[in-house]
Enquirer: 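Quick one: the structure is below, questions incoming.
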Amino acid sequence: MDAFALLSRGGAQFDKKRFSKEVSLFNGRKRPDEHSVSKPPETDELPAELDFFKYAEGGVHSGRAKKIKNEPRGMEDADEAADSEAEASGSEGDVDAEHTMPTAHRIRCTGEEVPSPITSFSELTSRYSIPPDLLRNVASAGYADPTGVQTQGIPIMLEKRDMAAIAPTGSGKTLAFLLPIFGLLGAPGRSAAKQAGARALIVSPTRELAQQIHNEALKLAKGRKWKTVVLNKATANALRDKAARRKVDLIVSTPLSLVSALEEGIVDLDNIRHLILDEADRLLEEGFLKQIEEILAGCSHPELQKAVFSATLPAAVEAIANTFLRRPIRVIVGLKDSATDTIQQELLFCGSEIGKLQALHNLVADGIQPPVLIFVQSIERATELFHELLYDGLNVDVVHSDRSKAQREETVRRFRRGEVWVLVATELMARGMDFKGVNLVVNYDFPQTVQSYIHRIGRTGRAGRQGKAVTYFTKEDAPYIKSVANVLKASGQEVPQYMLDLPKPSKLKKRELKRRPIERKDIARAAGAGVGRNLANRRRDMISASKRRKVEGEKAEKEVALAEE
DNA sequence: TCGCTTT
C-alpha cells in the first residue's frame with residue numbers, strides 16, 4: 001500500500017476495496033466552494049496575480065517587445081520566418097490553386113518536381129499500380145477519402161522521393177507512409193537473394209506508438225503474405241534465426257531496440273529501401289539523435305528513401321533532417337505550430353498548485369465524459385495524482401516509463417477498451433497515440449514546449465472529431481504561456497489579449513524554473529474538500545459512455561486480431 | 001530539467 005496515501009489521509013486506512021462500490025463513498029464530504037478556483041480572466045487586463053515581470057526584464061509596456069525581435073532568433077521565430085519566406089518565394093508547387101480552401105487545411109509543397117496529389121485512393125491503381133486488395137484493406141480499415149497529408153504524401157512516397165511531412169495530429173500520417181510502403185514492397189519476403197530481409201523500417205519514439213503502427217500495418221497487410229514485426233526482446237530473439245530474419249518485410253522499432261539489435265548483429269539494414277522517422281522532431285532531439293545516426297549509417301542501400309513525419313518540426317530540427325534527406329519535398333498541411341481546429345482549447349488560471357487540484361476535483365464533480373487523458377510533468381507527479389484520483393473513486397489508471405512493459409500495455413489496452421475512464425500520463429502518451437474517442441485532454445501541468453502542447457492536446461479531436469483540451473496554469477508557468485497562447489490564436493481560439501502581450505522569456509529564465517512536487521499537505525487539504533455529492537450521478541453518465549466505448553474498443557481489437565491471422 | 005529508449 002502506498003505510504004503517501006496513508007499519510008495524506010491523516011492515518012486513515014487506505015484500501016482500494018473500499019472504493020469498489022459507489023455507495024456512501026462521498027457521503028459527508030463537502031463539495032468545494034465552486035468559486036474557490038480562480039476563473040480565467042475575462043478581460044484583456046493583466047491579472048494582478050500574474051507577476052510575469054520577474055521572468056523577463058522589462059515589461060509589456062517598456063518597448064522591450066520590439067527589442068526581443070531583434071535578438072538572435074529562437075526556433076519559433078526562425079520557423080515563422082522560414083514559412084513566410086516560402087510564401088514570399090512564390091506559389092511554386094503550391095497545390096492550393098483555388099483560394100477557397102481554408103488556411104487551416106491548406107497544403108503547401110516545396111521542392112523539385114512535386115508529384116501531383118491524388119484525389120482518391122482508387123486512383124492509385126491506375127497511376128501507381130497499387131493492388132486492389134491493398135486498397136480493399138485500406139477501405140476496410142475505415143479510410144474512405146484521403147486526408148491532406150495523404151493526398152500529397154502518398155504520391156511523393158510512391159515516387160520514392162525523400163520527404164518532410166508536417167501535418168496536424170490525427171490527420172492520418174501513419175497511413176500516408178504505410179500505404180506507399182506496402183505499395184512499394186513488392187513481393188513478400190522470400191529467400192530470393194534480392195528480396196531477402198527487411199526492406200522498410202519505421203522508427204518511433206515510444207514502444208506504445210511502435211505497437212500501434214504495427215497494428216495498422218497488420219490491417220493493411222491482411223490477406224497478403226507480408227511479415228511486419230515490432231522489435232522487442234521476444235521478436236529480437238526470434239530474429240537470431242537467419243531464415244526467420246529473411247522472412248521479415250517491415251520492421252517497426254524504437255531507436256534503442258533497433259540499435260541494440262544492430263549491435264548484436266540480429267538485424268541488418270543493408271536492404272532497407274524505405275526509412276520512416278515518425279515523430280521526427282522528437283527522434284532528432286538530443287538523447288535520440290546518436291541512435292538515429294547509427295540507424296542511418298546502418299541503412300546502406302543506395303536506393304534508400306527517407307521520410308520524416310510529425311505534427312511539429314522546429315526549424316532547427318528540420319535543418320538536421322535536411323542533412324540526410326536528399327532532394328526532399330516538404331509538405332506542410334495547415335499552419336505551422338497550430339493545433340487541430342476541431343479541438344476546443346482553454347487555458348485556465350488556477351492560482352496555485354492546490355488550485356489545480358481543486359480545479360480537477362471541480363471538473364470531475366461537474367461531470368466528465370470518459371475517456372479523459374490527464375498529462376503531468378513527471379513520473380512522481382503522475383503517481384501522486386493517480387492516487388489522488390483513485391481516492392476519489394474514479395476509474396483511473398496511470399502510465400509512465402517506470403511501469404513495466406506489461407503494465408503499460410495492459411493500461412493502454414484497458415483505456416482503449418473503455419475500462420479505464422481517466423488515464424494519468426506523462427509525456428510518454430503525448431505523441432502519436434490514437435485514442436479516437438478521447439473527449440477531453442487535461443494538461444494538469446503546463447507543457448514546457450509548444451510542441452509538447454500541440455501533441456498532447458492532439459490526443460483528442462482526431463480524424464475530424466470534436467475534442468476539448470483544458471490547460472491549467474499558475475504564475476509559475478508564466479514563461480510558457482505566451483507561446484501556447486499563440487497556438488490557440490493560430491487555431492482560431494479565443495485568447496485574452498494580455499497573454500499574447502506577454503514578453504517572451506529568455507531560455508535562461510525558463511531553465512531557472514523548477515516545478516515543485518504536489519505537496520502532501522496541499523493534497524490533504526484539497527482532498528478534504530471532497531469531490532462533490534454530484535459524483536454518483538455523474539458516474540452513471542460515465543458508465544454508459546464507457547459501455548459505448550467498450551464496444552468500439554472490442555471492435556477495433558477484433559480487426560487487429562483478424563489482421564494478425 | 002525531465003521525459004523518452006535494450007537487456
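Reckoned from all heavy atoms, side chains included, excluding hydrogens, waters and symmetry mates. Order of the sequence lines sets the chain letters (A, B, ...), proteins ahead of strands, with each chain counted from 1.
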Enquirer: Could you tell me how the ring of A:Phe349 sits relative to the ring of A:Phe473: parallel (under 30°), tilted (30 to 60°) or perpendicular (over 60°)?
Expert: tilted
Enquirer: For B:dC4, does either OP1 or OP2 sit under 4.0 Å from a side-chain N or O belonging to A:Ser401?
Expert: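 A:Ser401 to B:dC4 OP1/OP2: side-chain N or O found under 4.0 Å.
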Enquirer: For A:Glu279 and B:dT5, what is the distance between atoms CD and P respectively, to the nearest whole Å?
Expert: 13 Å
Enquirer: Could you pull out every donor-acceptor pair under 3.5 Å between side chains of residues 422-432 of chain A and any protein atom, sequence neighbours left out?
Expert:
residue	atom	partner	partner atom	Å
A:Thr426	OG1	A:Leu428	N	3.3
A:Glu427	OE1	A:Ser452	OG	3.4
A:Glu427	OE1	A:Arg456	NE	3.1
A:Glu427	OE1	A:Arg456	NH2	3.2
A:Glu427	OE2	A:Ser452	OG	2.7
A:Arg431	NH1	A:Glu279	OE1	2.9
A:Arg431	NH1	A:Asp281	OD1	2.8
A:Arg431	NH1	A:His455	NE2	3.2
A:Arg431	NH2	A:Asp281	OD1	3.4
A:Arg431	NH2	A:Asp281	OD2	3.0

Enquirer: Decide whether A:Thr340 and A:Thr169 meet the rule of one side-chain donor and one side-chain acceptor closer than 3.5 Å.
Expert: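 A:Thr340 vs A:Thr169: donor-acceptor pair found between side chains.
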Enquirer: Mind checking if A:Gln291 touches a base, just sugar-phosphate, or nothing, with heavy atoms under 4.0 Å?
Expert: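 Contact class for A:Gln291: base.
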Enquirer: Applying side-chain hydrogen bond (donor to acceptor under 3.5 Å, both in side chains), name anything that partners A:Thr254, two or more places apart in sequence or on another chain.
Expert: A:Ser257
Enquirer: Under 4.0 angstrom, heavy atoms only, what part of the nucleic acid is A:Arg408 near: base, sugar-phosphate, or nothing?
Expert: sugar-phosphate
Enquirer: From the list B:dT5, B:dG3, B:dT1, which nucleotide is the closest neighbour of the side chain of A:Ser378?
Expert: B:dG3
Enquirer: Whole-Å distance between B:dT5 P and A:Lys233 NZ?
Expert: 17 Å
Enquirer: Rounded to whole Å, how long is the line connecting atom CD of A:Glu427 with atom P of B:dT5?
Expert: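 After rounding, the reported distance stands at 12 Å.
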Enquirer: Can you tell me which nucleotide in B:dC2, B:dC4, B:dT5 comes closest to the side chain of A:Thr426?
Expert: B:dC4
Enquirer: Within this structure, what is the CD-to-P distance between A:Glu286 and B:dC2, rounded to whole angstrom?
Expert: 15 Å
Enquirer: Fit a plane to each ring of A:Phe446 and A:Tyr480, take the angle between them on a 0 to 90° scale, and name the class: parallel (under 30°), tilted (30 to 60°) or perpendicular (over 60°).
Expert: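 A:Phe446 and A:Tyr480: tilted rings.
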Enquirer: Please pick, from B:dC2, B:dT5, B:dC4, the nucleotide with the shortest atom-to-atom distance to any side-chain atom of A:Arg282.
Expert: B:dC4
Enquirer: With sugar-phosphate meaning primed atoms plus P, OP1 and OP2, does A:Glu285 contact a base, only sugar-phosphate, or nothing at under 4.0 Å between heavy atoms?
Expert: base
Enquirer: Can you tell me how far P of B:dG3 sits from CD of A:Gln448, to the nearest Å?
Expert: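 In whole Å, B:dG3 P lies 10 Å from A:Gln448 CD.
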Enquirer: What is the distance, to the nearest angstrom, from the CZ atom on A:Arg456 to the C1' atom on B:dC4?
Expert: 13 Å
Enquirer: Write down the distance between CG (A:Leu289) and C1' (B:dG3), rounded to a whole number of angstrom.
Expert: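 To the nearest whole Å, that distance equals 17 Å.
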Enquirer: For A:Asp402 and B:dC2, give me the distance from atom CG to atom C1', rounded to whole Å.
Expert: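 Value for this atom pair: 12 Å.
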Enquirer: NA contact type, A:Pro205, heavy-atom cut-off 4.0 Å: base, sugar-phosphate, or nothing?
Expert: sugar-phosphate
Enquirer: Return the 5'-most residue of the pair A:Ile379, A:Ser253 with respect to DNA chain B, ranking by each residue's nearest nucleotide.
Expert: A:Ile379
